[in-house]
Amino acid sequence: MAGPVLIFDSGVGGLSVVAELRAHNPEAALCYACDNAMLPYGTREDNWLTARILAVCSAAVDACRPSILVVACNTASTLALGKLREHLSIPVVGTVPAIKPAAQASRTHHIGLLATSATIARPYTHRLIDAFASDCQVTRVAADELVVEAETLLATGKAPNTTRINAVLSPIWQATRQTPPMDAVVLGCTHFPLLLPWLVELAPCPLNWIDSSPAIARRVAQVAPDLATHPLDGSCFTTAPITPLEPRLAAYGFVDFHLLDIPQIS
């Protein structure tokens, strides 16, 4: 029996990827893992974070024996994707900012990159921009606060703080009034699509919001096309108690919760 798809994120942002995976392959068995004890990842030191990502993903892989690991976190992917592929014996699909499709979609050649401060600063991200958007003006906006807003939304069900969102996205709004105006924005963190209805409502003009999730779902189907039901389908592995979020996770099909024992990393 083939193992499930394991989706990993620092918190609940990976649920935006889960939604696309279920839409593309509703029969696939899915497990979820998140390092909620160490949220947010975007402000952590690189060497420590790399070791932590390897430890949590290894523990989750040991726990659910998946066929494939989806790193549904831009920060983790731009930092540790290579190390994970070296360390694990299963395919690893990463999530990186959708710079190429945004550059292709932009008519004005001015795009925005909305991401965590860590993803904004990564050499991996800079290489993506150089390779696929060298003819574009790229306005980069660090939006770590939006991770907290998305986590709070999932934990409480309450609408996010639109005043805070507006303040964080003010450079994006300003860029829509520049010459040339920005017309496409990369959602460079999997938490951000969870806030998309509010982003669309607050934007001063229509924007093309580019999300990596559909491409990830297509890639998983290519790498592991024969995923079927599995006894661990619906299992969720966390690094700290997640009781307030259990009803929200259940809405995405995760109903069986387990704590991972992760060794302390100095």
Side-chain angles (χ1 to χ4, degrees), residues 7-21 23 32 34-36 39-44 70-79 94-103 105-106 111-122 124-125 128-129 138-173 175-176 182-204 206-217 245 248 252:
I7 301 98
F8 165 74
D9 184 36
S10 58
V12 299
L15 295 176
S16 64
V17 177
V18 168
E20 287 291 339
L21 288 170
Y32 194 76
C34 66
D35 191 11
N36 55 315
L39 189 73
Y41 271 4
T43 56
R44 300 281 183 177
V70 176
V71 183
C73 175
N74 288 266
T75 298
S77 294
T78 55
L79 178 63
T95 305
V96 296
I99 300 295
K100 182 177 180 180
S106 176
I111 66 176
L113 171 58
L114 193 66
T116 66
S117 53
T119 298
I120 292 286
R122 291 273 182 264
Y124 193 113
T125 304
L128 287 175
I129 292 171
V138 182
T139 297
R140 311 172 201 204
V141 178
D144 300 276
E145 297 93 335
L146 296 191
V147 174
V148 179
E149 290 297 322
E151 290 283 333
T152 302
L153 170 66
L154 265 291
T156 66
K158 295 180 180 178
N161 186 320
T162 53
T163 300
R164 185 173 296 124
I165 293 175
N166 255 329
V168 172
L169 268 66
S170 61
I172 297 290
W173 306 156
T176 66
M182 179 189 297
D183 64 350
V185 182
V186 177
L187 295 173
C189 173
T190 54
H191 281 81
F192 298 167
L194 301 174
L195 300 171
L196 187 57
W198 291 273
L199 304 184
V200 171
E201 182 178 351
L202 293 169
L207 290 167
N208 191 355
W209 302 91
I210 310 294
D211 176 14
S212 299
S213 297
I216 296 168
L245 281 169
R248 308 288 175 182
Y252 287 83

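One is the number of the first residue; the rest follow in order along the sequence. Basis for what follows: all heavy atoms, side chains included, without hydrogens, waters or symmetry-related copies.
Nearest heavy atom pair, residue P204 against residue W173, reads CD-CE3, 3.3 Å. A105 and N208 get closest at one heavy-atom pair: CB-ND2, 3.6 Å. Nearest approach of I99 to L113, heavy atoms of both residues: CD1-CD1, 4.2 Å. G13 and S16 get closest at one heavy-atom pair: O-OG, 2.9 Å. The nearest pair of heavy atoms linking A142 to V168 is O-CG1, 4.3 Å. The two residues F192 and L114 have their closest heavy-atom pair at CE1-O, 3.4 Å.
Note that the SG atom of C34 and the CD1 atom of I7 stand 11.5 Å from one another [nearest 0.5 Å]. To the nearest 0.5 Å, the span separating CD1 on I165 from CD1 on I172 amounts to 13.5 Å. Within the model, atoms CG of D9 and CG of L15 stand 8.0 Å from one another, a figure rounded to the nearest 0.5 Å. Interatomic distance, E201 CD to L195 CG, rounded to the nearest 0.5 Å: 12.5 Å. A distance of 6.0 Å separates CG in L245 from CG in L154, rounded to the nearest 0.5 Å. For the atom pair CG of L202 and CG of L207, the computed distance is 11.5 Å after rounding to the nearest 0.5 Å.
Side-chain contact between W209 and V186 is absent, with no heavy-atom pair separated by less than 4.5 Å. The shortest side-chain heavy-atom distance between Y41 and L79 does not fall under the 4.5 Å cut-off.
E149 is linked by a salt bridge (charged side-chain N to carboxylate O under 4.0 Å, His left out) to R164, counting only residues two or more places apart in sequence or in another chain. For the side-chain hydrogen bond (donor to acceptor under 3.5 Å, both in side chains) test, residues two or more places apart in sequence or in another chain that qualify with D183 are S106, T108. Every residue two or more places apart in sequence or in another chain that forms a side-chain hydrogen bond (donor to acceptor under 3.5 Å, both in side chains) with T116 is listed here: T75, T119.
Checked by atom type and distance alone, the side chain of R140 never pairs as donor or acceptor with a backbone atom of S117 at under 3.5 Å. A distance-only check finds a donor-acceptor pair linking the side chain of Y32 to the backbone of G14 [under 3.5 Å]. With hydrogens and angles ignored, the 3.5 Å screen pairs a side-chain donor or acceptor of T95 with a backbone N or O of V71. The closest donor-acceptor contact from the side chain of S10 to the backbone of P40 lies at 3.5 Å or more, if one exists at all.
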Task: Working for side-chain contact (heavy atoms from CB on, under 4.5 Å), residues T139 and M182 - done: CA-CA 8 Å; T139 297; M182 179 189 297; 3.5 Å; yes
TODO: Evaluate the criterion side-chain contact (heavy atoms from CB on, under 4.5 Å) for residue pair V185 and L169; output intermediate values, then yes/no.
DONE: CA-CA 11 Å; V185 182; L169 268 66; over 6 Å; no
- [ ] Begin from the C-alpha positions of C189 and L146 and carry the test side-chain contact (heavy atoms from CB on, under 4.5 Å) through to its verdict.
- [x] CA-CA 9 Å; C189 173; L146 296 191; over 6 Å; no
